[in-house]
Amino acid sequence: MNGHNQTVISQFLLLGLPIPPEYQHLFYALFLAIYLTTVLGNLIIIHLIFLDSHLHTPMYLFLSNLSFSDLCFSSVTMPKLLQNMQSQHPLISYVGCLTQMYFFMVFGDMESLLLVVMAYDRYVAICFPLHYTSIMSPKVCACLLLPLWMLATFNAVINTLLMDRLSFCENNVIPHFFCDIPSLLKLACSDTYVNELMIFISGGPIILVPFLLIVMSYARIVCSILKVSSTHGIHKVFSTCGSHLSVVSLFYGTVIGLYFCPSANNSTVKETTMAMMYTVVTPMLNPFIYSLRNKDIKGALIKVIFSKKISL
């Protein structure tokens, strides 16, 4: 079926989340609280890292980039979701939909790539402490970060251009709360083979490889700790690695489940719930998992609070 002689779609209807009408206000308040927590948590971390010269190290450079990605990643979907929950006609224009998809991919890919760089940073710090400063020099960090942003942007541009060449016909209802690639591909009435192929080709280096590298780096960290540390040291590392791995598993588990193991019997409710996990929950948890358990960040926060009090 060729879509070029069909009506051209200028906007899509985002169905949002399958929430019963009587719970709409409750869920609106919950999502607003989650979004505000995400914004505030990540802004505090970026602000602290910028202010405190003790935090101008590779680990915190990556962390500030992760916080920025989380902030933007959440902002790509959440404000539109909140707006649509209050609207009788939750519409998004065709251009708005592709724009949302583009930024969603940039910051989603960056999240994945930064998690692997941070795992590598921890691996070097714990397994090669004496060589850490020479291995993770500012030059190396810049050489790691710049290609990651370029790769994420390039992947988003390619997938967005491929989406733009598709034809959309009568059906303009997206059973989701944002413009997700699989949801749009299901609506297309032209051949989507190239698009699906591109998801699998780009998904390898951006999702699957980082996930495997993170698991390997944490396995190496655990092995090296078990050789030398006391029971207290082992407990501390396991609690830190455990919390990192839980967030990593939540992020990659839901992404891999949605994009690489698409099932015909996956219900819309199941898919939107899984998407909520990595688009809404992970960006909110990251500041708490990676930073607020961290004594350097806590120290910087206390310093800022007390200096404000003194100046008052």
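It should be emphasised that the depicted structure is a prediction, and the values quoted were computed from it without experimental measurement. Index from 1, following the sequence.
- Closest approach of V280 to T38, counting heavy atoms only: O-OG1, 4.4 Å.
- Across A188 and L166, no two heavy atoms sit closer than the pair CB-CD1, 3.9 Å.
- Counting only N and O atoms by type, the side chains of Y94 and D164 include a donor and acceptor under 3.5 Å apart.
- Connection of I256 to V116 is established within a shared hydrophobic cluster, with ILVMFWY side chains joined at heavy-atom distances below 4.5 Å, either directly or through further cluster members.
- In terms of heavy atoms, S69 sits closest to M110 at OG-CB, 3.4 Å.
- The two residues I46 and S64 make their nearest non-hydrogen contact at CG1-O, 3.9 Å.
- Using modelled atom types and a 3.5 Å distance limit, the side chains of Y252 and S112 yield a donor-acceptor pair.
- To the nearest 0.5 Å, atom OG1 of residue T273 and atom CE of residue M276 are 8.5 Å apart.
- Looking at N159 and Y102, their side chains never bring a donor and an acceptor atom within 3.5 Å of each other.
- A distance-only check finds no donor-acceptor pair linking the side chain of N155 to the backbone of L151 [under 3.5 Å].
- S183 contributes no side-chain N or O that, together with a main-chain N or O of C179, makes up a donor-acceptor pair within less than 3.5 Å.
- For NE2 of H56, the number of neighbouring non-hydrogen atoms (other residues, nucleotides, ligands) closer than 6.0 Å is greater than 12.
- Once rounded to the nearest 0.5 Å, the distance linking NE2 of H25 with CD1 of I19 reads 11.5 Å.
- Taking the six-membered ring where tryptophan is involved, the planes of F31 and F27 are tilted, since the angle between them lies from 30° to 60°.
- L51 and L48 fall within the same hydrophobic cluster, defined by Ile, Leu, Val, Met, Phe, Trp and Tyr side-chain heavy atoms under 4.5 Å apart, directly or through other members.
- For the pair T153 (side chain) and W149 (backbone), a donor-acceptor distance under 3.5 Å is present.
- Between the side chain of D52 and the backbone N or O of H54, at least one donor-acceptor pair lies under 3.5 Å.
- With hydrogens and angles ignored, the 3.5 Å screen pairs no side-chain donor or acceptor of T160 with any backbone N or O of T99.
- Across A156 and V106, no two heavy atoms sit closer than the pair CB-CG2, 3.5 Å.
- The closest donor-acceptor contact from the side chain of S93 to the backbone of G96 lies under 3.5 Å.
- In plain terms, the two heavy atoms of L113 and P205 that are nearest each other are CD2-O, 4.1 Å.
- Using a 30° and 60° split on the angle between ring planes, F251 and F73 fall in the perpendicular class, above 60°.
- Under the 4.5 Å side-chain heavy-atom criterion for Ile, Leu, Val, Met, Phe, Trp and Tyr, I158 and F103 are members of distinct hydrophobic clusters.
- Within a 6.0 Å sphere centred on OH of Y28, other residues, nucleotides and ligands contribute more than 12 heavy atoms.
- Using modelled atom types, one side-chain atom of S190 and one backbone atom of S167 make a donor-acceptor pair closer than 3.5 Å.
- Here the rule is ring-ring contact (aromatic ring centres under 6.0 Å, His included) with Y123, and of Y218, Y132, F128 only F128 fits it.
- Under the 3.5 Å distance criterion, the side-chain polar atoms of N171 are left unmatched by any main-chain donor or acceptor of L187.
- Linking ILVMFWY side-chain heavy atoms closer than 4.5 Å, directly or via other members, places V173 and M101 in two distinct hydrophobic clusters.
- With values rounded to the nearest 0.5 angstrom, L185 atom CG is found 14.0 Å from Y193 atom OH.
- The distance from the CD1 atom of I207 to the CG atom of L258 is 11.0 Å, given to the nearest 0.5 Å.
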